[in-house]
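Notes follow once the structure below has been shown.
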Amino acid sequence: MRESLTAITEELRRLKQAGVTTVSVTEETLERLRRVVGQRAAASAPARPASPSLPVAAPPAPVPERMRETTRTVPPVAPATEPLRTPPEVRLPGGSKPERWAALKALVEGDPSCRAHLRPGKRVVLGVGSLDAALMFVGEAPGAEEEIQGEPFVGPAGQLLTRMIVAMGVAREEVYIGNIMNWRPGLPTAEGQEQVGNRPPTAGELAYCLPFLRAQVEVVAPRFLVALGATAAQGLLGAGAFKTLGEVRGRWHDFGGIPLMVTYHPSYILREPTPRRKRLIWEDLLQVMERAGLPVSDRQRGYFLER
Ligand code: URA
């Protein structure tokens, strides 16, 4: 714990010395920081009441002022910092869904730009789940856990996403889960150090990976898409489609003829696990359940109403 904090502090100091005055931090990173910073305070903090099905995260702890997320309501695309190749033109072969998906996986894993952005021992991440899924969830980018395991949403936000899906009465394996990005957006670290935080993708990174996401949508052909957070919404709706997530969340949109619901990223709950925040996401998911014809019990309809 102390080592992580030291690494973050050193990295911030180094960036400051290099002339960097602001740092953009993803919600997942903030959550990790809170966990680290909050562990000491947690022993004395009162436990929060459990909710029907979504977990209660560690109590929020103060985050250093300069690390506070300031770009979350504005689609968080930073200027590109490194040249990327032209976004790939993905042409999938014919065949069955598993054959086409396997071809896509080989393509993405072998893609020179994807590989060039990996640190040693880390993995390119493609979506997972049922290729016959009616529901496809789209997140932002792999984080620390995801780039190790090569699977999206396996860290804290992923565990929460899984609970959200289960609360809808569906198993994780029945849906398809992907990301806008196929690699973990890099941050500079000292030689030989592990990357500690995350950052939102640049516009160039987002544009580069989008064809891979489109190809996954083409293979799976879900009936409904759910964009998790501003970056996913921006990737699917287009840059400049909105200024604040509030403008588009909780409403139906269209992605190539597929109804698309925009909601918050699970990290929005991890940051502040209040019934109000859970209810906001839950209301969006209720809309998805209703439109998808999933059964909705009175109990499910009432989740997180205690504000
Ligand atoms: N957050 C995301 O948006 N995607 C992941 O795969 C993990 C965390």
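If you read the sequence from its start, that first residue is 1, and numbering goes on from there. This one's a predicted model, so the numbers in the text were calculated from it and none came from an experiment. These values consider heavy atoms only, across backbone and side chains, with no hydrogens, waters or symmetry-generated copies.
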- Item | I177 with V226, same ILVMFWY side-chain cluster at under 4.5 Å | yes
- Contacts of F212 that satisfy ring pair (Phe, Tyr, Trp, His ring centres under 6.0 Å) - sequence neighbours left out: none
- M261 backbone acceptor or donor facing R251 side chain under 3.5 Å: no
- Task: For L260 and L237, run side chain to side chain contact (heavy atoms under 4.5 Å, CB included): C-alpha distance rounded to whole Å, both residues' side-chain angles, the deciding distance at 0.1 Å, then the answer.
- Result: CA-CA 9 Å; L260 162 68; L237 294 176; 3.6 Å; yes
- Task: Ignoring hydrogens and angles, tell me if any N or O in the side chain of H265 forms a donor-acceptor pair with the backbone of E140 under 3.5 Å.
- Result: no
- Task: Please tell me if the side chains of V128 and P152 come closer than 4.5 Å, counting only heavy atoms from C-beta onward.
- Result: yes
- Salt-bridge present (R100, E218; N to O < 4.0 Å): yes
- Message: I'd like to know if the side chain of Q287 reaches the main chain of D284, judged simply by a donor and an acceptor atom lying under 3.5 Å from each other, with no hydrogens or angles considered.
- Response: no
- Item | Short side-chain to backbone donor-acceptor contact, E146 and G155, under 3.5 Å | yes
- Side-chain heavy-atom pair S113, Y208 within 4.5 angstrom cut-off: yes
- Once you round to the nearest 0.5 Å, how far does CD of E283 lie from CZ of R301? 11.0 Å
- Got a donor-acceptor contact below 3.5 angstrom from the N182 side chain to the V125 backbone? yes
- Item | Minimum side-chain heavy-atom gap E194-T189 below 4.5 Å | no
- Query: Are the side chains of W183 and E147 in touch, meaning some heavy atoms are under 4.5 Å apart?
  - Reply: no
- Query: Are the side chains of F304 and R277 in touch, meaning some heavy atoms are under 4.5 Å apart?
  - Reply: no
- Query: Are L286 and L135 connected in the hydrophobic side-chain network, where two residues link if heavy atoms are under 4.5 Å apart?
  - Reply: yes
- Rounded distance (nearest 0.5 Å) linking atom OH of Y303 with atom NZ of K278: 12.5 Å
- Query: Applying the 4.5 Å side-chain criterion to the ILVMFWY set and letting contacts propagate, would L131 and F224 be lumped into a single cluster?
  - Reply: yes
- Could you go through the side chain to side chain contact (heavy atoms under 4.5 Å, CB included) check for V217 and V138 one step at a time? CA-CA 10 Å; V217 174; V138 180; 5.8 Å; no
- Message: Taking the side chain as everything from C-beta on, heavy atoms only, tell me whether W252 gets closer than 4.5 Å to V288.
- Response: yes
- Do F153 and V166 belong together in a cluster built from hydrophobic side chains that touch within less than 4.5 Å? no
- Query: Can you tell me if Q234 uses its side chain to pair, donor with acceptor, with the backbone of L236 under 3.5 Å?
  - Reply: no
- How many angstroms lie between atom NZ of K105 and atom CD of E109, to the nearest 0.5 angstrom? 4.0 Å
- Query: Are P266 and L228 close enough that some pair of their side-chain heavy atoms sits under 4.5 Å apart?
  - Reply: yes
- Message: Test of understanding: clusters of I, L, V, M, F, W, Y form through side-chain heavy atoms closer than 4.5 Å, transitively. Do V175 and M136 belong to the same one?
- Response: yes
